Colleague: 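There's a structure below that I have some questions on.
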Amino acid sequence: MASEDEINLLVIVVDVNPIWWGQQAQRDPQFTLSKCMDAVMVMGNAHMAMARTNKLAVIASHCQGSHFLYPSKSWSGEDGGGNDVSSSGDGKYELLSAANNLIVEEIRNIMSKIEVTGNSTDTLLAGSLAKALCYIHRLTKELEVGQEIKSRILVVKAAEDCALQYMNFMNVIFAAQKQDCLQNPATTDSQAQKEETETTNVMGDFFVFVFLY
Amino acid sequence: MDEEPERAKRWEGGYERTCCVSSFPGLLWNMFHPQGGVCVFSHGQVRLGMMRHVYVVIDCSRSMEDQDLKPNRLTSTLKLMEVFVDEYFDQNPISQVGIITTKNKRAEKLTDLAGNPKKHITALKKAVDTVCVGEPSLYNSLNLAIQTLKHMPGHTSREILIILSSLTTCDPANIYELIKTLKSLKVRVSVIGLSAEVRVCTVLTRETGGSYHVILDESHFKELLMLHIKPPPASSSSECSLIRMGFPQHTIASVTDQDAKPSFSMSHLDSSSGPGLSLGGYLCPQCHATYTELPVECKVCGLTLVSAPHLARSFHHLFPLQAFVESPVENLQGDRFCQACQAELKDKSMFSCPSCHSVFCVECDLFIHESLHCCPCCIYCQTVP
């Protein structure tokens with residue numbers, strides 16, 4: 001059983017490349033970005049509901065940048081700042097409903113405000129993964145004495161890879177491997193990591209990739 | 001004799017201010033590096049020796065039983081060596097390390113030059129029980145290292161790192177002749193002293209182009225060891241050639257496959273332990289010998305076998321990330337948030353990337369330069385690193 005002092009952090013990186021999702025809507029009208037975000041929110045809620053000390057972060061990876069959907073910079077994380085967020089009347093755990101509302105609002109902002117330049121369908125994941133690792137690093141530094149943190153990154157990848165990103169991607173993977181080694185020194189042998197599929201074998205329970213294509 | 005740098009040594013300048021000097025050095029070291037010894041020194045456009053063959057010579061003489069490092073010098077050294085071996089193979093995956101110990105006026109090899117960290121770590125763990133006796137022999141240990149290093153190809157970098165605690169050495173022949181031989185073989189020798197500065201080591205490191213440091217305490221010892229992990233700039237006289245490497249694919253066959261044939265792994269020929277027959281593994285593209293792990297040099301055809309991520313790990317040495325520009329937080333208009341970790345910028349200074357002008361906090365700057373080696377926001381602005 002997990003001890004009280006162990007914090008489980010889940011960072012979900014979602015690929016929201018609007019061009020790919022637009023093409024996807026034409027391929028299969030049933031599966032849209034909003035359905036994907038619903039599924040992601042269910043996963044996030046389930047994770048936060050498992051234990052009081054579980055933490056969540058969601059990053060949206062766009063072709064022009066990556067943005068933290070949750071926790072948001074303007075949200076302090078306590079209920080005091082949520083007066084304008086109407087609490088759901090059906091008795092849902094407030095933290096979950098606040099998180100969901102926040103995610104929905106942020107993704108709406110992102111999709112409407114950002115102008116898409118170019119027509120690349122590649123996904124630029126390395127930057128979002130780098131930000132995820134910086135966030136994990138920051139939370140690890142902010143721990144109190146005696147607390148441990150176990151972190152994982154769940155990547156929901158939509159579009160294909162950009163070959164130009166190879167070196168950045170590998171740098172991020174090695175940095176994650178090093179961080180993992182501090183907490184879980186079981187896997188030290190590295191196998192071929194050319195494709196993300198092989199990477200999942202190496203990373204074990206640190207990275208989980210979900211491919212939508 | 002030879003020209004020596006004009007330095008006022010303690011015994012030359014008289015005994016002035018010895019009380020100040022003995023208690024301050026540790027404090028000065030920390031003041032110099034407020035962020036815990038972060039030294040962002042990029043080589044720039046310099047050729048680096050990335051395929052390295054390093055022999056580490058560990059002094060196991062009587063002086064290693066001294067307890068100024070807890071619990072004694074030998075145990076402390078061996079523990080730090082394990083950390084060194086791990087970090088070394090992390091930063092230099094296509095390099096090799098060998099360990100030599102010296103005591104009782106003799107030198108012997110603890111482990112041969114190999115690219116597998118496990119062997120070295122097992123040997124280091126077992127070496128904790130060795131009895132420290134006698135005097136070390138610099139000549140014999142250097143000679144033993146040279147026997148193997150002189151056969152290494154010219155494009156690789158040949159290095160010897162000596163951890164010397166004794167102030168004496170017992171040599172059967174003239175060590176200055178050996179220094180000339182080392183110079184001609186282009187071997188770089190560096191020394192980490194645990195007691196005090198010894199003149200013969202100064203000459204040795206100066207002639208061969210290595211570095212000589214004497215430790216102040218255990219944390220300084222670790223810092224000095226870690227300095228040797230970065231690949232050194234290649235000397236101008238080393239050959240520059242195209243190196244042949246093989247990139248084997250990992251094959252996994254199951255018993256039900258018709259073509260599956262079990263084979264012995266070539267890497268276990270010498271050792272009696274380890275798995276025998278296996279169905280899959282890495283096949284050398286030239287001779288199809290099987291190996292269980294990489295990187296390795298094929299025993300049959302001599303081809304260096306690596307996988308692409310091993311080379312990718314070395315890439316950040318060649319193209320180091322630029323240092324971020326420090327500036328006061330007051331200059332920033334609008335929201336004061338670190339763009340990597342979303343934390344509020346509470347410190348007085350912030351760091352901004354010179355290419356994409358994104359703002360980062362102190363912690364993220366350290367993390368990005370030490371582990372990540374890529375700016376999280378530059379990836380969107382430029383196409384190729």
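Lettering of chains follows the sequences in order, A, B, ..., and the numbering in each one begins at 1. The shown structure was predicted, so the numbers you read here are calculated from the model rather than taken from an experiment. Every heavy atom of this structure was used, including side-chain atoms; hydrogens, water molecules and symmetry mates were not.
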Colleague: What I want to find out is whether E142(A) reaches R138(A) closely enough, with some N-O distance under 4.0 Å, to be called a salt bridge.
Modeller: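 Counted as a salt bridge, because a side-chain N and a carboxylate O are separated by less than 4.0 Å.
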Colleague: Checking Q322(B) against S355(B): is there a side-chain donor and acceptor pair closer than 3.5 Å?
Modeller: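 Result is yes, a qualifying pair exists.
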Colleague: Check the pair S352(B), H357(B) against side chain to side chain donor-acceptor pair (under 3.5 Å), reporting the backbone distance first and the verdict last.
Modeller: CA-CA 5 Å; S352(B) 48; H357(B) 305 290; 5.8 Å; no
Colleague: Relative to chain A, which of E344(B), H373(B), E363(B) shows the most heavy atom pairs under 4.5 Å?
Modeller: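 Winner by heavy-atom pair count: E363(B).
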Colleague: Specify which of P248(B), S371(B), P117(B), A343(B) makes the most heavy-atom pairs with chain A at under 4.5 Å.
Modeller: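 Maximum pair count with chain A is reached by A343(B).
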Colleague: Under a 4.5 Å cutoff for heavy-atom pairs, which residue among N171(A), V172(A), L129(A), L139(A) has the most contacts with chain B?
Modeller: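 Ranked by heavy-atom pairs under 4.5 Å with chain B, first place is N171(A).
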Colleague: Determine whether M245(B) and L303(B) satisfy the following criterion, side-chain contact (heavy atoms from CB on, under 4.5 Å), listing intermediate values before the conclusion.
Modeller: CA-CA 6 Å; M245(B) 286 190 168; L303(B) 185 64; 5.7 Å; no
